[in-house]
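See below for the structure under consideration.
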Amino acid sequence: MSTRVISSPRTTGEPGERILRYSLAERIHHWVGFLFYFYCLITGLAFWSPYMYWLAALVGGGPTARFWHPWFGVAFTISMFWMYAMWDRDMRITDADRRWKAAIKSYIENDDQNLPPEGRFNYGQKLFFWVMFYGIILLLISGIGLWFVEGIPSSLRWLRYLSVTVHVIAALATIGAFIIHVYMGTAMVRGGFTSIIRGEVSTAWAKTHHRLWYEQVTRRQSAGR
Amino acid sequence: MSQATLAIKKISGHPGPAPGADVERDYQVAKLIDTTTCIGCKACEVACLEWNGYTFTETTFDNSYQTMPSTAWNYWNLIKFNEHEREDGTLQLLMRKDQCMHCADPGCLMACPADGAIVQYTNGIVDFQQQNCIGCGYCVSGCPFDIPKFNPTTKKMFKCTLCSDRVSQGLEPACIKSCPTGCLHFGSKEDMTYLAESRAKQLRENFGFEKAGVYDPAGVGGTGVIYVLHDVTDPEAYGGLPKDPHIPWVVRFWKGPAKWIGNLAMLFGVLGVTLHYFRYGPKEIHPPKNGDGGKP
Ligand code: HEM
Ligand code: SF4
């Protein structure tokens, strides 16, 4: 099967055609973010539960995990803001999203023919992005409260309680979103995983899952002809 | 403790039962601090430093006899001074030896996430095991007495060990050994409670301290360090001894129900997506419909 990426100004819509969904920069940012988040996730879970403390051993033991967890958190925050700069405009909630959201049951039940067309990202993906974005802001602020052990005087000890509560709630929210994200990206939406590695999707994929985006890209392509 | 197993149970060729074989032992130890006979000499502070191998370092002068504002990672024992004004306007100089209280229900231990960083021995001593400590500081959140202190260089927590090393060898803690007035006592919790109560009674009946009593707070299950106070209704006056200490409810919730709620939520998340896959499977790419898309 010949693989043609739409970088040339023409699209034919023939079955074997591939279309560029994620630029190299986008893919790299995604995986850098993943690395930082995943480190925070497994070390955080190690601190969270004695039954998962062994996870800390995977990254060099408890004290090492404790040392690096906040730093990786800071790194993830930076990477998240980078993704924000890259995707902010794509991630705004639009009218198409609202229509799609109203029909989300069809999406869950894989009844995609009945879904209103979506743009580059669907409502669910955008929701994931914003949960991560606001989640990391909360995690950073509360994480700083946990980070500097001597930084909080005993008269302000309520700050410790607040920090740990916010950190746990925000972490759990991102973990929930993360589970769904990984499931969708690997098992449920086939082709999604390759797209975030190699960057390309088939035109059929694009038409099925992100029709408005597909139309937009192909229109742009042909306009530039 | 190690000697406990070597107590003699049976003896060969001995007339009658082994002496002491049917004696019940109370392994629970306690330190008794009688604030009414403390003279603030700080011998215990020095003994603590010496035994634990710390040297004296610079401190903050705070217009008081107190050595430093609070205990430190390398200063586990501190006499807290307070010029307390009584209701009748007279002054009372209160001195209280501050250190880890060795709670029966230790908040530090409940809060700690690291396997084996804090242990409680059967004799009641709560001890930090620095080799397992990850330096997260959760113990600080759990402690109602503000005792665990962080060493920023090694990133480990430290506090009074109740001289677990000495006690395990049948010795009394270093502070007890050094006290010149005998205001410090060490023994079984039962004996110390008895001694403390009789001293409090004496204070009430013979010295006019009507509110004298024993501080052994029930909120933390009782403590391995108990105080005799002139006025047990106002422990706060003794350099901030909490009136009703307990493990903060946030810590209890976080280390109890929150774990269940969080873990179940994560489990249901993973189960949920798995079941979704079983039921609905992956998404199909619909066959391109006629005249649909593809057309620029
Ligand atoms: C944004 C920067 C972040 C900072 C500065 C930070 C900092 C911290 C600190 C200092 C702790 C205390 C425990 C320890 O380190 O031993 C902690 C715990 C934790 N962190 Fe983070 N963190 C950050 C991001 C994250 C992220 C992205 C996650 C992802 C899930 C996460 C999940 C957790 C969890 C689950 C705990 C354990 C809470 C508990 O013990 O109940 N953190 N974090
Ligand atoms: S600082 Fe050390 S002792 Fe304190 S809670 Fe953390 S691991 Fe446990």
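To find a chain, count down the sequence lines: A is the first, B the second, and so on, and within it residues start at 1.
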Look only at the side chain of Tyr280(B) and the backbone of Met188(A), and say whether a donor-acceptor pair between them is shorter than 3.5 Å.
no
Working for side-chain contact (heavy atoms from CB on, under 4.5 Å), residues Asp112(A) and Glu284(B)
CA-CA 8 Å; Asp112(A) 295 56; Glu284(B) 305 284 331; over 6 Å; no
Looking only at heavy atoms, what is the nearest atom pair of His276(B) and Ile108(A), with distance?
NE2-O, 2.7 Å
Quick one, Thr165(A) with Phe253(B), criterion side-chain contact (heavy atoms from CB on, under 4.5 Å). Give me CA distance, side-chain angles, the key distance, then yes/no.
CA-CA 10 Å; Thr165(A) 310; Phe253(B) 181 75; over 6 Å; no
Determine the minimum heavy-atom distance between Pro63(A) and Cys133(B), stating which atoms define it.
CG-O, 3.8 Å
Is any residue of residues 124-138 of chain A within less than 4.5 Å of chain B by heavy atoms, and which ones?
none
Mind checking ring-ring contact (aromatic ring centres under 6.0 Å, His included) for Phe268(B) and listing every partner two or more places apart, or none if nothing turns up?
none
Would you indicate whether the side-chain heavy atoms of Phe47(A) and Ile134(B) approach each other to under 4.5 Å?
yes
What are the two closest heavy atoms between Tyr107(A) and Lys283(B), and how far apart are they?
O-NZ, 2.6 Å
Taking side chain as everything from C-beta outward and backbone as N, CA, C, O, which of these in Ile169(A) sits under 4.5 Å from a heavy atom of chain B? Side chain, backbone, both or neither.
neither
Per-residue contact mode, Met184(A) against chain B (heavy atom under 4.5 angstrom)
neither
Could you check whether any side-chain heavy atom of Trp73(B) comes within less than 4.5 Å of a side-chain heavy atom of Glu150(A), counting everything from C-beta outward?
no
Segment of Tyr53(A) engaging chain B (4.5 angstrom heavy-atom cut-off)
side chain
With Lys149(B) via side chain to side chain donor-acceptor pair (under 3.5 Å) - residues at least two apart
Thr71(B)
For Val182(A), is it the side chain, the backbone, both, or neither that has a heavy atom closer than 4.5 Å to a heavy atom of chain B?
neither
Tabulate, in ascending numerical order, the residues of residues 152-161 of chain A having at least one heavy atom closer than 4.5 Å to a heavy atom of chain B, or enter 'none'.
Ser154(A), Arg157(A), Arg160(A), Tyr161(A)
Return the minimal non-hydrogen interatomic distance between Leu172(A) and Gly262(B), and the atom names on each side.
CD1-CA, 3.9 Å
Mind ranking Gly137(B), Ala114(B), Gly269(B) by heavy-atom pairs under 4.5 Å with chain A and telling me who comes out on top?
Ala114(B)
Heavy-atom distance under 4.5 Å to chain B: side chain of His209(A), backbone, both or neither?
side chain
